[in-house]
Amino acid sequence: MDKAQDRKAWSLRGIIPENHPRRESLLIREKVVEGMMENVVVPQGLIAQGRGECFDYLLGERTQDFALRAIEVSAAMLVTAKSPVISVNGNMAALAAHEIVDLAKSIPAKLEVNLFYRDEERERAIERKLREAGAEEVLGVGKNASETIPELFSERRRVSKEGIYSADVVLLGLEDGDRTEALVRLQKKVIAIDLNPLSRTSLTATVTIVDNVVRAIPELKKKVQDVRNKDREELERLIKGFHNRDNLRSALRYMSERLAQLSLTL
Ligand code: ATP
Ligand code: MG
């Protein structure tokens, strides 16, 4: 048994008790660890997950109303887009490969591997994971990422010509702030899934879904099916009526009110 299989067996043997209060969260964490064993996730990805977990704790580990509203607007943006692309990194692939592929098919949108820590072997590992989950086309791997997008602090990002480079709407999760800013500067509409309402990605994106990717992506697929039957004008009104900063304020207010309530229970 290789290390990755051994790790899977370890988690399946029921190390985490059924009644553990953080069971769901710990099982999600295991998926990211397994992703690292498969060379899909980098060590820094584990730390990013930890930062996210902290905010998810404050959200009560549920998709809250402000996230549902952002998800509905995102669905409207995705179905009315000319060329929507889902940008996939290691953590996203480890956490929700099947859900991402299902979502891409239902829009339909292209899938592109886009990594902060670029490495062709890892790109191929992520591509494999997406193909195993049913993807037929995966952009951004190796030579396919032939175009460059200037970024401020990180090295120049390479993207696919027929993918992110020519997209009008890009959906991403757990993305770095500089990279999100670079896409917004190129006039792309960016939908970000990010548990931290204060991250630069959350503040810069066109629409921020403050929720865990494991819950937000299946919910987004449901909403895509709902909004598809609405007429275009209605969808455009929905998009126009959304103000990301207001929605982020609601997320922050929710977290602070929840903390205040919890303080009364101690
Ligand atoms: P920024 O660069 O946008 O200021 P950051 O430097 O704080 O953000 P990064 O490591 O660049 O953080 O990005 C990871 C982001 O993803 C964090 O905001 C983290 O809260 C969020 N995150 C981690 N795990 C999840 C998850 N499972 N679902 C959604 N968001 C997550
Ligand atoms: Mg960052």
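Counting starts at 1 for both ligands and their atoms, in listed order.
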Original post:
Can we say R128 and E132 salt-bridge, meaning some charged N sits less than 4.0 Å from an Asp/Glu carboxylate O?
Top reply: no
Subject >> L59: hydrophobic cluster co-members (side-chain, 4.5 Å) >> reply: F55, L58, F66, L195, L203, V210, L248, Y254, M255, L259
**OP:** Sort by chain and number the protein N/O/S atoms found under 2.8 Å from the Mg ion (ligand 2).
**Re:** D176 OD1
Subject >> Over all atoms of both residues, closest heavy-atom pair of L115 and N89 >> reply: CD2-CA, 3.9 Å
Subject >> Of R158, R179, E123, the residue whose pairing with N114 passes side-chain hydrogen bond (donor to acceptor under 3.5 Å, both in side chains) >> reply: R179
Original post:
In this structure, which one of D194, T204, T201 forms a side-chain hydrogen bond (donor to acceptor under 3.5 Å, both in side chains) with T180?
Top reply: T201
**OP:** Could you please spell out the steps behind the side chain to side chain donor-acceptor pair (under 3.5 Å) verdict for S83 and D168?
**Re:** CA-CA 6 Å; S83 192; D168 53 347; 5.0 Å; no
Could you pull out every N or O of ligand 1 that sits under 3.5 Å from a protein N or O, with the distance for each pair?
unit_1: ligand 1; atom_1: 2 (O); unit_2: D176; atom_2: OD1; d: 3.1
unit_1: ligand 1; atom_1: 2 (O); unit_2: G177; atom_2: N; d: 2.7
unit_1: ligand 1; atom_1: 2 (O); unit_2: R200; atom_2: NH2; d: 3.0
unit_1: ligand 1; atom_1: 3 (O); unit_2: G177; atom_2: N; d: 3.3
unit_1: ligand 1; atom_1: 3 (O); unit_2: R200; atom_2: N; d: 3.3
unit_1: ligand 1; atom_1: 3 (O); unit_2: T201; atom_2: N; d: 2.9
unit_1: ligand 1; atom_1: 3 (O); unit_2: T201; atom_2: OG1; d: 3.1
unit_1: ligand 1; atom_1: 4 (O); unit_2: R200; atom_2: N; d: 3.0
unit_1: ligand 1; atom_1: 4 (O); unit_2: R200; atom_2: NE; d: 3.1
unit_1: ligand 1; atom_1: 7 (O); unit_2: R51; atom_2: NH1; d: 2.5
unit_1: ligand 1; atom_1: 12 (O); unit_2: R51; atom_2: NH1; d: 3.4
unit_1: ligand 1; atom_1: 18 (O); unit_2: D194; atom_2: OD1; d: 2.8
unit_1: ligand 1; atom_1: 18 (O); unit_2: D194; atom_2: OD2; d: 3.3
unit_1: ligand 1; atom_1: 27 (N); unit_2: Q49; atom_2: OE1; d: 3.4
unit_1: ligand 1; atom_1: 27 (N); unit_2: N212; atom_2: OD1; d: 3.0
unit_1: ligand 1; atom_1: 28 (N); unit_2: V213; atom_2: N; d: 3.1
unit_1: ligand 1; atom_1: 30 (N); unit_2: L195; atom_2: N; d: 3.2

Original post:
Do you reckon V40 sits in the same ILVMFWY cluster as L139, going by side-chain contacts under 4.5 Å, direct or chained?
Top reply: no
Original post:
Under the side-chain contact (heavy atoms from CB on, under 4.5 Å) criterion, do V224 and K221 qualify, and how do the steps go?
Top reply: CA-CA 5 Å; V224 162; K221 189 194 153 198; 5.5 Å; no
Original post:
Which pairs count as salt bridge (charged side-chain N to carboxylate O under 4.0 Å, His left out) when at least one residue sits in residues 92-112, sequence neighbours excluded?
Top reply: none
